[in-house]
Amino acid sequence: MLAVDVKNIKKTFISKQDTVEAVKDVSFHVKQGEIFGLLGPNGAGKSTTILMLTTLLSITEGSASILGIDVATKDKEVREKIGVALQDTGIDNLLTGHELFFTTCRLWGYSKKDSEVRTNELLELVGLTEAADRRVKTYSGGMKRRLDLGLSLVHSPEILFLDEPTTGLDPGSRRVLWDEIKRLRNNGVTVILTTQYLEEADELADRIAIIDEGLVVAEGTSDELKASIGGDVITFAFNHNDDLKNAKNILTNSVQEKNELRITVEDGASRIPGYLKDLSNQGVEVSSVSANKPTLDDVFLEVTGYRLEGSESSQQAKQKSKR
Amino acid sequence: MKSKRSFLVQLQILTKRMTLRVVRRPLAELPNLIISAFFLFVYDGALGGVFGGNASGTPFDFANGNFVNFILPVSIVSASLSGAASGIYLVEDIESGVFKRYQSMPISRWAIILAPMNVGAFRVLLQAGLILLIGKFIGADPAVGNVGFLIVLSIAFIWGMGFAGYSVAAGVKSGSSQGAQAATFLFFPAIFLAPTFVPREALKGWLETAAAYNPTTYVIEGMRSVMVQGWEPDVLFRGYLSACLFAAITLTFAVISARKATEKA
Ligand SMILES: Nc1ncnc2c1ncn2[C@@H]1O[C@H](COP(=O)(O)OP(=O)(O)OP(=O)(O)O)[C@@H](O)[C@H]1O
Ligand SMILES: [Mg+2]
């Protein structure tokens with residue numbers, strides 16, 4: 001049975017002012033025991049998708065099921081199965097970490113005694129034992145995220161939804177959370193997470209769906225996605241703008257990024273001498289050239305036409321290629 | 001390991017959690033309590049001399065010689081306004097995302113909404129109770145005996161739940177704690193367009209008309225009847241009726257708006 005099966009779901013928000021198609025057509029499936037990453041920029045529709053799958057928003061069109069249970073019609077049953085950590089962490093600042101865990105355990109139906117045991121277990125798991133009796137107000141951003149993750153694990157859910165679990169964390173804290181998520185997966189939990197970080201999707205997710213403007217534009221393992229581009233990416237860099245301009249006219253199938261040109265071809269390394277010859281014949285000076293396997297970054301560029309903000313390349317590229 | 005989760009257990013857990021939140025912010029309780037006590041002391045101090053014992057035998061003897069008895073209901077009405085905290089508590093949870101977290105769990109949505117109402121009710125009983133205690137201390141002495149205090153407290157409770165409902169509806173509707181807070185502005189017309197300092201017969205012109213349409217008038221008069229005059233079933237009945245009607249209307253609105261808020265968009 002599939003952990004999550006999403007078929008052509010759509011979400012339209014209708015208000016007096018306007019109509020927003022937040023999710024236009026999203027389909028994907030997640031197998032049990034895998035980490036599935038929904039990768040996309042701000043406003044892509046990631047949170048809206050998560051909210052629909054976690055029964056917090058109605059689905060305008062299409063259908064989704066969790067462990068074979070229909071999300072729209074059996075929302076109560078679905079809620080029993082899933083753990084949810086939303087983008088806006090729903091955390092009560094006035095209570096202590098211990099109180100929050102204890103209350104949540106009780107709400108999930110544990111007895112007082114079992115709640116105490118489970119609370120200590122979870123505090124240990126997310127590394128908050130020492131801070132347990134401090135009010136959450138005093139926690140750092142990373143601690144709050146870990147607390148949030150812990151709270152979604154109280155009932156040992158089979159399926160875990162995490163909406164941007166590491167946004168705003170420093171690289172160290174991010175790594176701690178990644179390890180934790182991997183450990184959960186290794187214990188059999190299915191994880192669906194959203195992210196706007198390429199490295200995170202690359203490092204963490206067994207399979208990835210790239211979502212942009214409410215549509216899934218690519219899906220597969222990181223390697224499959226990279227392979228789908230075909231071949232290698234050759235990058236030419238130039239010291240002078242004139243050279244860049246001339247080279248662009250010569251290498252007609254290239255894509256410009258800042259002062260670089262990129263070409264995606266089969267067997268990149270062996271093609272370099274030929275390109276360099278063409279360029280030097282026209283008097284173009286190349287400052288450096290390299291051939292690389294495509295990165296997820298390249299995949300993203302290929303399928304959306306722009307780069308993800310925060311990735312190595314600029315936002316300018318986004319605006320230009322979008323025109 | 002997991003036991004069955006009943007609605008009442010959920011409500012109890014959520015109420016306890018909400019109570020913790022209130023206890024952690026004791027200062028938030030003070031303003032309303034102080035204002036209510038302030039009414040009692042200041043009006044008694046300012047007007048008690050004129051309309052109290054000295055007024056006996058004059059046309060101004062509407063307090064039957066004990067102005068504390070007469071003014072205490074005003075303080076109590078002010079104290080019962082603390083029920084409006086319910087809406088603020090609820091909206092705080094909506095704003096912080098705690099509400100969403102609970103919604104993503106298999107918890108009764110009514111338990112989520114009733115918990116802050118519960119705490120609002122406690123708060124009304126506590127604040128009104130304290131004011132009654134202060135009142136007794138400075139000389140309040142119900143005409144019908146001590147049972148009068150209980151009657152006043154029960155009317156205050158119903159009235160306070162009316163404010164709770166109003167604040168929940170206003171808060172959920174506006175989606176912000178400012179919206180719920182704004183509910184407390186009702187306080188001014190409610191308290192001052194009423195026979196606050198003198199009986200209704202002594203009001204004149206537009207204020208008399210306004211007071212006649214203000215349910216607070218009947219609530220205050222109902223409380224006053226047992227404090228000042230003695231058993232006056234019709235006045236007392238009108239007091240309960242106004243409070244109940246007010247509460248019924250606002251709680252209905254609260255339920256409707258809360259149901260909308262918990263419904264999926
Ligand atoms: N309740 C709503 N009413 C109207 N529009 C909405 C609502 N919620 C989301 N949207 C719109 O839907 C689109 C997708 O939003 P969503 O929050 O799903 O994006 P996201 O991928 O999670 O972005 P981010 O990375 O910024 O969290 C946005 O254009 C957003 O403005
Ligand atoms: Mg989001």
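Atoms considered below: every heavy atom in the structure, side chains included; atoms not considered: hydrogens, waters and symmetry mates. Each chain gets a letter, A, B and so on, in the order the sequences are listed, and its residues count up from 1. Keep in mind the model is a prediction, meaning the values are calculated, not measured.
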Quick check for you: among Glu92(B), Arg25(B), Gln10(B), which has the greatest number of heavy-atom pairs under 4.5 Å with chain A? Arg25(B)
Report, in residue-number order, which members of residues 49-56 of chain A are under 4.5 Å from chain B by heavy-atom distance. Leu51(A), Thr55(A), Leu56(A)
Counting only heavy atoms not in Phe253(B), do more than 12 sit closer than 6.0 Å to its CZ atom? no
Taking atom CG of Asp170(A) as the centre, report whether more than 12 heavy atoms of other residues, nucleotides or ligands fall under 6.0 Å from it. yes
Does some side-chain heavy atom of Thr103(A) sit less than 4.5 Å from a side-chain heavy atom of Ile13(B)? yes
Determine, stepwise, if the pair Arg135(A) / Arg24(B) fulfils side-chain contact (heavy atoms from CB on, under 4.5 Å). CA-CA 10 Å; Arg135(A) 288 196 198 172; Arg24(B) 295 277 153 85; 3.0 Å; yes
Is it the side chain or the backbone of Ile91(A) that comes within 4.5 Å of chain B heavy atoms, both, or neither? both
Of all residues at least two apart in sequence or in a different chain, which pass the side-chain hydrogen bond (donor to acceptor under 3.5 Å, both in side chains) check with Ser78(B)? Ser36(B)
Interface residue of largest heavy-atom contact number with chain B, from Leu95(A), Asp88(A), Val84(A), under 4.5 Å: Leu95(A)
To the nearest 0.5 Å, atom CZ of Arg21(B) lies from atom CD of Glu99(A) at 11.5 Å
Determine whether more than 12 heavy atoms belonging to other residues, nucleotides or ligands lie under 6.0 Å from atom NZ of Lys24(A). yes
Should we count CD of Glu124(A) as having more than 12 external heavy atoms under 6.0 Å? no
Taking distance alone, no hydrogens or angles, what donor-acceptor pairs closer than 3.5 Å link side-chain atoms of residues 151-158 of chain B to residues at least two apart or in another chain?
unit_1: Ser154(B); atom_1: OG; unit_2: Leu150(B); atom_2: O; d: 3.4
unit_1: Ser154(B); atom_1: OG; unit_2: Ile151(B); atom_2: O; d: 2.7
unit_1: Ser154(B); atom_1: OG; unit_2: Tyr240(B); atom_2: OH; d: 2.7

Given that the side chain runs from C-beta out, which part of Tyr102(B) has a heavy atom under 4.5 Å from chain A: side chain, backbone, both or neither? side chain
When you look at NZ of Lys173(B), are more than 12 heavy atoms from neighbouring residues, nucleotides or ligands closer to it than 6.0 Å? no
Side chain / backbone / both / neither for Thr104(A) at chain B, heavy atoms under 4.5 Å: both
Only one of Glu77(A), His155(A), Glu80(A) clears side chain to side chain contact (heavy atoms under 4.5 Å, CB included) with Pro106(B); which? Glu80(A)
Under a 4.5 Å cutoff for heavy-atom pairs, which residue among Ile107(B), Val98(B), Leu20(B), Leu14(B) has the most contacts with chain A? Val98(B)
For Phe38(B), does the CZ atom sit with more than 12 other heavy atoms under 6.0 Å from it, leaving out its own atoms? no
Residue pairs, two or more places apart or on separate chains, that pass salt bridge (charged side-chain N to carboxylate O under 4.0 Å, His left out) and touch residues 93-120 of chain B: Asp148(A)-Arg101(B), Arg17(B)-Asp93(B)
